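Taking it in order: structure first as structure tokens, then the write-up.
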Amino acid sequence: MPTGAIPTDTLPGGIDLYATLESGQSYLWRREDGRMYEDAPDGQPWYCTVIDGEALRVRQTGRAIEWESSGAAEETVRTLLRLDDDLPAIFEAAPDDPLVTEAYDYARGLRLVDDPAFPTLIAFICSQQMRVARIHSMVTTLAREYGDAIEFEGRTYHAFPTPTQLAAATEAELRDLGLGYRAPYVVRTAEMVADGDAHPRDADGLPYEEAREELTQFVGVGDKVADCVLLFSLGYLEAVPLDTWIKTAVADYYPECDRGNYLETSRAIRAAFGGGYAGYVQTYVFHYLRTREEL
DNA sequence: CGCCAGGCCTTAC
DNA sequence: GTAAGGCATGGC
């Protein structure tokens, strides 16, 4: 059984695993104590996922990121959690204003994730008009109902369904699982990928705004969901998803960036957030605004 | 009860 | 190209 421990002091800027995995950017991990999003972890809980058919769990101890897997290697952990990102350099590129400073101080060590493209696409199709905990619940349900089961260390894990597995679901089934009006979006997008008509990875490598446009071909995907896939899965760290929280931040802190439409407002806030790492700033600000009063 | 949540689709101008 | 409705569900 592959296991390992990655010393925290070897990671530039350290890491806050809790903030990284419970900030609403990834919906593909589950906290083993079952209290995800309810409370800050009491102790050092394992977070579990399935990646490329292998069970993987990680936890943060006082001095390391420990991991255990049925077959994944350390490189996978480093990739998924973006452990090589240079957080001090990223902070250095961020604007020096009160909101951003507070957001960074609130969750130092939060790292972006690098999740697989298809699950991320579906998760954020499900995300519209939903709260973070319910999105996570919906993704967990899809894995349980349609994904492969994997036994590891006496526990059963469920992979997120493949495009083919999810395309075999019906709209009625997904409505019964609580997806509401997103059900046909999920089925139709899964069919597009399963049939080979398109894949979210096809956007990878295109210039940022072209990549975003490419992703909107999927049913249920507009500019905002496309930005989430670009940021959390395809490595476009400049992407700034304009959700309700960030729109509030724009109105309250950067009113000059509101240009009346997504494209131009996106360009303005991306510049205000420092350009190339604007998506990092966005994720810190989102996490701060959404949870600062709730813990 | 009404309001809101990591919005998008369709239709009408 | 932009604006308005409609849309499911659950928590508060």
Side-chain angles (χ1 to χ4, degrees), chain A residues 19-29 35-39 103 107 110 112-113 115 119-142 169-190 192 200 209 212-234 236 239-252 258-267 269-270 273 278-295:
Chain A
T20 298
L21 295 182
E22 300 200 39
S23 55
Q25 52 168 333
S26 176
Y27 296 98
L28 303 178
W29 295 82
R35 299 181 57 78
M36 200 145 174
Y37 307 117
E38 295 177 17
D39 289 302
L110 186 163
L112 285 174
V113 294
D115 277 339
T120 302
L121 179 68
I122 298 298
F124 281 94
I125 287 173
C126 291
S127 78
Q128 59 177 277
Q129 297 295 105
M130 278 292 153
R131 286 183 169 82
V132 164
R134 282 205 63 212
I135 300 163
H136 186 262
S137 169
M138 292 163 71
V139 171
T140 301
T141 298
L142 290 178
T170 66
E171 177 183 335
E173 287 172 359
L174 297 188
R175 285 182 182 272
D176 286 343
L177 293 174
L179 269 69
Y181 63 85
R182 303 156 197 77
Y185 302 165
V186 168
V187 174
R188 292 177 60 192
T189 287
M192 291 174 69
E209 288 180 346
R212 186 171 63 193
E213 186 66 22
E214 171 79 8
L215 289 175
T216 61
Q217 71 180 293
F218 294 104
V219 182
V221 178
D223 288 330
K224 187 272 171 185
V225 168
D227 268 331
C228 288
V229 175
L230 292 176
L231 181 60
F232 304 135
S233 175
L234 297 183
Y236 286 77
V240 177
L242 293 179
D243 64 87
T244 53
W245 292 97
I246 298 302
K247 286 178 180 173
T248 298
V250 169
D252 292 347
D258 184 358
R259 304 298 165 82
N261 63 63
Y262 196 100
L263 176 66
E264 295 297 337
T265 301
S266 170
R267 287 176 175 169
I269 195 66
R270 187 155 25 106
F273 278 173
Y280 247 104
V281 177
Q282 187 273 0
T283 299
Y284 272 88
V285 169
F286 171 83
H287 178 55
Y288 171 66
L289 292 178
R290 194 181 68 81
T291 62
R292 56 178 166 175
E293 301 293 345
E294 300 173 6
L295 297 180

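The sequence lines fix the lettering, A, B, ..., with proteins before strands; numbering per chain opens at 1. What you see is a predicted model, and the numbers here were worked out from it, not measured in a lab.
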- Do A:Y181 and B:dG7 share a donor-acceptor pair, side chain to base, under 3.5 Å? yes
### Query
Distance between the P atoms of C:dA8 and B:dT11, in whole angstroms?
15 Å
Are the side chains of A:C126 and A:V186 in touch, meaning some heavy atoms are under 4.5 Å apart?
yes
Rounded to whole Å, CE of A:M138 lies from C1' of C:dA8 at a distance of 9 Å
Applying ring pair (Phe, Tyr, Trp, His ring centres under 6.0 Å) to A:F273 and not counting sequence neighbours gives A:Y254
By ring pair (Phe, Tyr, Trp, His ring centres under 6.0 Å), A:F124 pairs with (sequence neighbours left out) A:Y27, A:F232
Sorted by chain and number, sequence neighbours left out, side chain to side chain donor-acceptor pair (under 3.5 Å) with A:R267 holds for A:E209, A:E264
Quick test: give all pairs of protein nitrogen or oxygen and nucleotides 9-12 of chain C nitrogen or oxygen below 3.5 Å, distance rounded to 0.1 Å.
{"residue": "C:dT9", "atom": "O2", "partner": "A:R134", "partner atom": "NH1", "Å": "3.0"}
{"residue": "C:dG10", "atom": "O4'", "partner": "A:R134", "partner atom": "NH1", "Å": "3.4"}
{"residue": "C:dG10", "atom": "N2", "partner": "A:R131", "partner atom": "NH1", "Å": "2.7"}

* **Sugar-phosphate only, base, or nothing, as touched by A:G222 at under 4.0 Å among non-hydrogen atoms** => sugar-phosphate
By nearest-heavy-atom nucleotide on DNA chain B, the more 5' of A:F218 and A:F286 is A:F286
Comparing A:G220 with A:Y27, nearest DNA chain B nucleotide closer to 5' gives the residue A:Y27
Sorted by chain and number, sequence neighbours left out, salt bridge (charged side-chain N to carboxylate O under 4.0 Å, His left out) with A:E171 holds for A:R175
Quick note, side-chain hydrogen bond (donor to acceptor under 3.5 Å, both in side chains) partners involving residues 220-233 of chain A, not counting sequence neighbours, are A:Y208-A:D227, A:R212-A:D227, A:D227-A:Y262
